[in-house]
Trainee: 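Here's a structure for you.
Any value given below was found using the heavy atoms of this structure, including those in side chains, with hydrogens, waters and symmetry copies removed. Residue numbers start at 1 and run along the sequence shown.
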Amino acid sequence: RICLRLWAPHLVRVNEKWLCYVTMPYGRKWNAEYPAGSGQFGGNLLYGFVLSANELSGKWKLETVLFCGDKEQGDEYHKLKWNSIDISTIWYDGSLYMLYGTNGVNIVKLANDGLSIQGTSILLTEEANNCEAGYMFWRAGYFYLMTSIGGAGRNEHYAISITRSTSPFSGFVDQNGTYILNDARNIKKMFQEYGNIFSVGHNSRIVRDKEGREFCMYAGYTETGKRKLFLQEIEWDKSTGYPHFKGVLPQEKCLIPNI
């Protein structure tokens with residue numbers, strides 16, 4: 001039986017319309033080997049789709065298949081590895097770039113319309129097990145790279161890390177000076193499990209409300225075994241220049257952003 005499922009959508013505004021990047025595992029093995037809610041994906045192929053709409057509330061249509069990665073042989077056409085999940089984007093020097101991957105986060109240049117791959121992929125992190133969900137942003141002279149490391153399953157140890165560099169293509173280090181390209185496993189964790197909240201990671205972008213407070217969302221498991229979405233405030237350490245979650249540890253309550 002063929003099974004189709006969507007994975008980690010990402011929205012960006014390009015040329016007066018919204019694009020949604022999403023990965024879809026495709027194959028016959030999912031239901032047997034990777035049950036729903038297991039936090040794992042299976043199948044033989046991974047497709048990267050781009051959807052578009054003029055408005056977020058409008059009708060979405062399929063624009064293109066951005067890539068098709070083969071789990072066994074890799075994707076020769078687009079030169080992306082089969083584990084091309086967790087797409088996000090960043091604008092740099094007038095061009096749009098895509099971050100992607102698990103077992104290592106990569107970056108590659110996209111066409112001006114965001115509908116095709118134009119460059120060659122660059123590996124940003126060590127190809128460590130479950131180093132994924134890359135999200136990059138620019139702030140005060142640095143590119144910051146947020147990643148999740150350690151496995152997203154209920155009994156694994158997902159944690160959020162953050163590194164920074166003056167270039168979007170290399171040199172990302174944590175506040176202790178550890179390079180994520182050389183040693184992703186030992187990068188300082190910005191946020192990790194605590195108490196009855198486990199395996200926290202795969203964060204959203206950081207957003208600022210009308211009062212100047214910054215917030216971020218992430219996923220995590222509770223003691224009931226259910227995976228839930230959490231919202232938490234972000235603070236910046238003036239001495240190091242790195243952000244951290246307010247309260248440091250996962251919290252069950254948070255102030256509501258004034259959007």
Trainee: Glu214 and salt bridge (charged side-chain N to carboxylate O under 4.0 Å, His left out): which single residue from Lys246, Arg208, Arg205 fits?
Mentor: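 Going through the options one by one, the only one that passes is Arg208.
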Trainee: Between Tyr179 and Thr163, is there a side-chain donor-acceptor contact under 3.5 Å, judged purely by atom types and distance?
Mentor: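 There is no such pair between these side chains.
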Trainee: If you take all heavy atoms of Gln118 and Leu110, which pair is closest and at what distance?
Mentor: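 In this case the closest contact between Gln118 and Leu110 is CG-C, 3.7 Å.
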Trainee: Tyr97 and Phe169: aromatic ring centres closer than 6.0 Å?
Mentor: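 Tyr97 vs Phe169: aromatic centres under 6.0 Å.
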Trainee: If you take all heavy atoms of Asn186 and Asp174, which pair is closest and at what distance?
Mentor: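 Of all heavy-atom pairs spanning Asn186 and Asp174, the closest is O-OD2, 4.3 Å.
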Trainee: Looking only at the aromatic ring of each residue, does the gap between the centers of Phe245 and Tyr218 stay below 6.0 angstrom?
Mentor: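 Tyr218 vs Phe245: aromatic centres under 6.0 Å.
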Trainee: Go through the side-chain N and O atoms of Glu132 and Ser148 and say whether any donor and acceptor fall under 3.5 Å apart.
Mentor: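 No donor-acceptor contact under 3.5 Å links the two side chains.
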Trainee: So, does Ser165 use its side chain to make a donor-acceptor pair with the main chain of Ser170 at under 3.5 Å?
Mentor: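 A pair under 3.5 Å: yes.
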Trainee: Between OG1 of Thr125 and CG of Leu123, what distance do you get to the nearest 0.5 Å?
Mentor: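 Output value for this atom pair is 5.5 Å.
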Trainee: Just one of Phe172, Phe137, Tyr92 clears the ring pair (Phe, Tyr, Trp, His ring centres under 6.0 Å) bar with Phe143, so which one?
Mentor: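 Among the candidates, only Tyr92 passes.
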Trainee: I'd like to know if the side chain of Asp237 pairs up with that of Ser239 as donor and acceptor (distance under 3.5 Å, no hydrogens or angles considered).
Mentor: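 Yes - a donor-acceptor pair under 3.5 Å links their side chains.
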Trainee: Locate the shortest heavy-atom distance separating Ile259 from Lys210; write the atom from each residue and the value.
Mentor: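 Looking at all heavy atoms of both residues, the shortest contact is O-CE, 2.8 Å.
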Trainee: Does Asn176 use its side chain to pair, donor to acceptor, with the backbone of Thr178 at less than 3.5 Å?
Mentor: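 Pair absent, no side-chain N/O of Asn176 close to backbone of Thr178.
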Trainee: Less than 4.0 angstrom from a charged side-chain N to a carboxylate O is my criterion; do Glu235 and Arg213 meet it?
Mentor: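 Answer for the salt bridge query: no.
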Trainee: Can you see whether Trp138 has Arg164 sitting over its ring - NZ or CZ less than 6.0 Å from the centre and within 45° of the normal?
Mentor: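 Geometry flag: not set, cation outside 6.0 Å or 45°.
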Trainee: Examine distances only and state if a side-chain atom of Asn103 and a backbone atom of Asn130 form a donor-acceptor pair shorter than 3.5 Å.
Mentor: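 At least one qualifying donor-acceptor pair exists.
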